[in-house]
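Atoms within each ligand, like the ligands themselves, are counted from 1 in listed order. All residue numbers refer to positions in the sequence shown, counting from 1.
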Amino acid sequence: MGGPAARGRFITLEGGEGVGKSTQARALAEALRARGHDVIETREPGGSPGAEAIRKLLLEGADDRWSARSEALLFAAARADHVERTIRPALERGAWVVCDRFLDSSLAYQGGAGGIGPNAIRRLHAIGSDGLLPDRTLLLTLPEVETMERLARRDAAGADRIGGKDAAFHRAVADAFARIAEAEPQRVRRVDALGTPGEVTRRLLAAIADLDR
Ligand SMILES: Nc1ncnc2c1ncn2[C@@H]1O[C@H](COP(=O)(O)OP(=O)(O)O)[C@@H](O)[C@H]1O
Ligand SMILES: Cc1cn([C@H]2C[C@H](O)[C@@H](COP(=O)(O)OP(=O)(O)O)O2)c(=O)[nH]c1=O
């Protein structure tokens, strides 16, 4: 009584399309539940009704539907709603939040590959979400050829508006993620995504072990 409010843990999964983030978000949430934690699994863009509506605007339509600036604002608006309606309430009741993509995706896609730069993205995040950062970000890394094979198996029907951009764009995204990991080694851990899903999940659990106490 009277002590600090219970606070959960906020874990995000990042990386390019097809590295296994959605698969691992599910597996990680399961593994944490099996350890007795209250866990919510969520994703961006989306994760709240308003943010899911913005997701449709962002991922459907022609490649040039939005400029990089408008796109960055829409992602920040979706994130603000997601943080306010879903993530903060869960953390405040002491739950763990496992989120497939978050701020680092905006830093890599709109900030890096899209040319907006990291400072503008962080300013939007400060305005929209009070600058909330994950306790740990797990950056899944995979050689490009393995990623292409996984995507070919998953997306026979075609990629979405952003996933469908060219190889140079996706290399710029990967470079931007690598720079974030170098700059923030305490928050961001690179995890090798090669191997069976179970092997990858064990690596992820090892990379958050210090938070689980
Ligand atoms: N460790 C793995 N080995 C082989 N295939 C995988 C592995 N993890 C995921 N996949 C498959 O690769 C594809 C992309 O995985 P997904 O979890 O959707 O990635 P992301 O969310 O990063 O785009 C899916 O078809 C998925 O079943
Ligand atoms: C959260 C976020 C996603 N994106 C992009 C990355 C993906 O191409 C797309 C999300 O699509 P999604 O289908 O969720 O990703 P994946 O293919 O990795 O499973 O939106 C951004 O450009 N900026 C962001 O801030």
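Protein heavy atom at the shortest distance from atom 1 (N) of ligand 1 is G195 O, 2.8 Å. Protein heavy atom closest to atom 21 (O) of ligand 1, with residue, atom name and distance, is S22 OG, 2.5 Å. The protein non-hydrogen atom at the shortest distance from atom 2 (C) of ligand 2 is F75 CE2, 3.3 Å. Protein heavy atom in closest approach to atom 25 (O) of ligand 1: R154 CB, 3.4 Å.
Relative to atom 6 (C) of ligand 2, the option among K165, E14, R101 with the closest non-hydrogen atom is R101. The closest heavy-atom contact to atom 8 (N) of ligand 1, among the options R150, R43, E199, comes from R150. Counting heavy atoms only, T23 comes closest to atom 26 (C) of ligand 1 of the residues L194, L151, T23.
Residue contact check: R55 has heavy atoms under 4.0 Å from atoms 12 (P), 13 (O), 14 (O) of ligand 2. Here is the list of ligand 2 atoms found below 4.0 Å of a heavy atom in L59: 9 (C), 11 (O), 20 (O). Against a heavy-atom cut-off of under 4.0 Å, Q110 is close to the following atoms of ligand 2: 21 (C), 22 (O), 23 (N), 24 (C), 25 (O). Atoms of ligand 1 lying under 4.0 Å from at least one heavy atom of P197, given by number and element, are 1 (N), 2 (C).
Note on ring orientation: taking the six-membered ring where Trp is involved, the planes of H125 and F102 are perpendicular (angle over 60°, cut-offs 30° and 60°).
Note on ligand 1: G15 sits outside its first shell, no heavy atom being nearer than 4.0 Å. Assignment of A25 to the shell around ligand 1 is not supported, since no heavy atom sits closer than 4.0 Å.
The residue E71 has no part lying near ligand 2, judged by heavy-atom distances below 4.0 Å. Neither the backbone nor the side chain of L58 has a heavy atom within less than 4.0 Å of ligand 2.
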